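One structure below.
The analysis underlying the following values was restricted to heavy atoms, covering all of them including side chains, and did not include hydrogens, waters or symmetry mates. None of the values given here were measured: they were computed from a predicted structure.
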Amino acid sequence: HEDAIAELEKMLALARSVGDRRAEGLALADLAFAHFTTLSAAHVPQARRATEEAYVIGQETGDQHVLAKSVGLLGVLDQAEGNLVEGDRELEESIRIGETHGFKDITSLSLMYLGVSANWRGDFRRALLLSERAERAAAEAHDQFSENIAIAFRCLAHIALGEYGEGLAVINDGLAKARERNLAFNIGRLTNSLGWFHQELGDFRRAAELDREAADLGQRHKLPNVEISSLINLGIDYVHLGEAPKAVTMMEEVLGRAENAFGAHRWRWALRIVVPLTEALIATGQADKAVVHVERGLAQARATGCKKYVGKIYALRGEIALAERAWGRATADLAEALRIAREIAYPTLTWQCAHLLARAQAGLGKREEALVSARLAAETIDTVVARIPDPALKSTFLAWPRVQAVKEDLDRFGRG
């Protein structure tokens with residue numbers, strides 16, 4: 001990054017010395033991107049300044065290449081700051097200009113980041129379509145950066161939708177490409193994603209191995225984005241492996257790093273940490289502390305339109321109410337979490353929320369409603385099992401105590 005920034009500063013000085021406005025605009029846009037791809041919060045102001053200067057040049061000169069590139073970067077920066085609606089609008093404008101004029105390099109980058117936004121907002125089907133388009137455009141433009149990031153997000157959308165075989169195939173293909181191209185960032189990201197794949201199916205021991213591997217790679221190659229993402233997932237692993245105190249310590253440390261602006265997407269990191277930190281605090285009997293993080297996380301998730309996290313945090317709030325035997329509050333929160341889970345077609349959250357809701361409804365004495373919710377949880381689990389590509393992983397999933405509890409409660413509620 002440092003070398004790229006230095007060379008682009010030279011290009012910018014040369015363009016200005018000869019009055020070449022187009023070259024100046026392109027140098028500014030590329031300089032902005034070089035600053036941004038450090039993924040360091042310290043570089044964001046420089047990226048923003050260079051992008052805005054490039055945008056002004058694009059408007060003044062009418063140069064569509066400079067304009068498409070700079071408006072796309074405005075979208076990337078707004079996305080990084082949590083302004084996803086405005087970021088989407090700018091990225092769509094960049095794609096429109098790029099496709100009109102055949103700028104495949106710009107189109108691939110903007111499609112990729114638009115797919116990232118769709119994924120974060122819980123629009124997984126749209127994320128898949130955008131990521132696939134980004135990969136095709138990137139391959140035509142020989143844009144390995146956009147191609148590899150699009151692969152990393154396409155696998156996440158497949159897994160969230162319960163398309164486990166497809167998601168695993170994308171991860172394996174992406175890892176093969178990343179290793180062939182010697183891309184440590186993507187190797188780390190996809191190894192972490194493979195850990196999440198195992199996590200979704202209750203295989204927390206294998207998930208922890210993969211998450212540690214990715215965290216170590218991130219630390220070794222000085223890739224904090226990879227390291228922090230992996231540590232967040234590792235926190236969830238520790239909770240489910242009976243090491244909740246260890247998870248609390250780790251997540252509080254990671255939260256401190258995120259709040260000190262280690263990365264360009266502070267809002268996203270703070271939001272992701274809420275789930276493992278809250279789960280760990282609940283498991284260690286610190287529900288009062290967990291509530292503070294839940295409320296802050298819910299406000300952040302709503303503000304950014306991240307539906308998956310709105311649903312997850314409502315579920316956590318409902319779980320806290322359930323433990324307090326506050327059946328009414330638990331039912332309201334868990335019903336909302338379940339509604340969101342079904343809206344975004346996320347089977348993992350669907351069966352978990354339906355099961356917790358059944359327990360809350362039973363607490364209110366609503367046995368028939370509890371039975372309906374428990375059946376939904378069991379039916380969703382059956383759908384998940386049918387889609388798991390590996391027999392051993394199916395067995396692990398079915399042996400997960402949380403899955404077994406669904407079957408037990410269904411029988412209990414059915415007996416009335």
Side-chain angles (χ1 to χ4, degrees), residues 1-98 101 103 105-114 116-117 120 143 145-146 149 185 222-225 228 257-270 300 303-304:
H1 297 290
E2 291 79 5
D3 290 345
I5 289 167
E7 291 299 320
L8 288 162
E9 290 281 8
K10 289 178 186 176
M11 177 182 172
L12 179 60
L14 287 166
R16 285 172 171 167
S17 70
V18 296
D20 188 334
R21 292 280 278 164
R22 181 175 190 276
E24 181 184 359
L26 291 174
L28 282 163
D30 284 342
L31 181 61
F33 191 60
H35 278 293
F36 176 76
T37 53
T38 64
L39 297 177
S40 165
H43 284 258
V44 169
Q46 293 152 291
R48 170 71 69 177
R49 185 165 55 250
T51 300
E52 289 174 349
E53 289 179 21
Y55 181 66
V56 168
I57 290 172
Q59 286 186 310
E60 288 178 353
T61 63
D63 188 290
Q64 296 300 294
H65 196 211
V66 173
L67 194 60
K69 204 163 195 172
S70 57
V71 77
L73 287 170
L74 286 172
V76 171
L77 290 166
D78 277 327
Q79 182 185 92
E81 292 165 5
N83 304 319
L84 299 188
V85 173
E86 181 64 11
D88 283 2
R89 186 193 67 75
E90 291 159 335
L91 289 165
E92 286 165 358
E93 176 64 6
S94 173
I95 293 164
R96 185 192 66 76
I97 299 170
H101 296 277
F103 304 143
D105 58 329
I106 293 169
T107 303
S108 61
L109 189 74
S110 293
L111 279 168
M112 180 269 286
Y113 277 112
L114 196 60
V116 169
S117 176
W120 284 345
D143 174 7
F145 176 86
S146 298
I149 300 297
F185 182 88
K222 295 182 173 57
L223 297 168
N225 182 293
I228 296 294
R257 288 178 66 180
E259 288 177 340
N260 289 325
F262 85 92
H265 300 85
R266 283 183 68 188
W267 68 272
R268 181 68 184 173
W269 296 115
Q300 182 71 75
T304 52

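Side-chain contact between F185 and I149 is present, with heavy atoms from C-beta onward closer than 4.5 Å. Between D143 and M112 there is no side-chain heavy-atom pair separated by less than 4.5 Å. Between I5 and H43 the shortest side-chain heavy-atom distance falls below 4.5 Å. Between K69 and D30, some side-chain heavy-atom pair lies under the 4.5 Å cut-off. Proximity of I106 to S94: side-chain heavy atoms (C-beta onward) are separated by under 4.5 Å at one or more points. For the pair I57/L28, a side-chain contact is recorded, criterion being any heavy-atom separation below 4.5 Å from C-beta on. Using a 4.5 Å heavy-atom threshold, the side chains of V85 and R89 count as separate.
By the salt bridge (Lys or Arg N to Asp or Glu O under 4.0 Å) test, D88 pairs with R121, sequence neighbours left out. For Q64, the side chain to side chain contact (heavy atoms under 4.5 Å, CB included) partners at least two apart in sequence or on another chain are L67, I97, H101, F103. Take F33 and apply the ring pair (Phe, Tyr, Trp, His ring centres under 6.0 Å) test, not counting sequence neighbours, and it matches F145. Looking at residues two or more places apart in sequence or on another chain, you find a salt bridge (Lys or Arg N to Asp or Glu O under 4.0 Å) between R21 and E24, E60. For E92, the salt bridge (Lys or Arg N to Asp or Glu O under 4.0 Å) partners at least two apart in sequence or on another chain are R126. Residues that satisfy the side-chain hydrogen bond (donor to acceptor under 3.5 Å, both in side chains) test with E53, not counting sequence neighbours, are R16. With sequence neighbours excluded, no residue forms a side-chain hydrogen bond (donor to acceptor under 3.5 Å, both in side chains) with D105. Scored by the side-chain hydrogen bond (donor to acceptor under 3.5 Å, both in side chains) test, H65 finds R22 as partners (sequence neighbours excluded). Partners of E52 under the side-chain hydrogen bond (donor to acceptor under 3.5 Å, both in side chains) rule, at least two apart in sequence or in another chain, do not exist in this structure. Considering only residues two or more places apart in sequence or on other chains, H1 meets the ring pair (Phe, Tyr, Trp, His ring centres under 6.0 Å) condition with none of them. Not counting sequence neighbours, the partners of A80 by the side chain to side chain contact (heavy atoms under 4.5 Å, CB included) test are F36, H265.
Pairing each heavy atom of Q46 with each of A42, the nearest pair is OE1-O, 3.4 Å. Closest approach of W267 to T304, counting heavy atoms only: CE3-CG2, 3.6 Å. Of all heavy-atom pairs between A34 and L8, the closest is CB-CD1, 4.0 Å. Considering every non-hydrogen atom in both G98 and A68, the closest pair reads N-CB, 4.4 Å. In plain terms, the two heavy atoms of S117 and Q79 that are nearest each other are CB-NE2, 3.5 Å. Contact detail for L73 and A32: the closest heavy-atom pair is CD1-CB, 4.2 Å.
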Side chain to side chain contact (heavy atoms under 4.5 Å, CB included) assessment of E7 paired with M11: CA-CA 6 Å; E7 291 299 320; M11 177 182 172; over 6 Å; no

Test side chain to side chain contact (heavy atoms under 4.5 Å, CB included) applied to I95 and L114, step by step: CA-CA 10 Å; I95 293 164; L114 196 60; 3.7 Å; yes

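Each salt bridge (charged side-chain N to carboxylate O under 4.0 Å, His left out) pair with one or both residues in residues 73-85, not counting sequence neighbours, appears once here: R48-D78, R48-E81.
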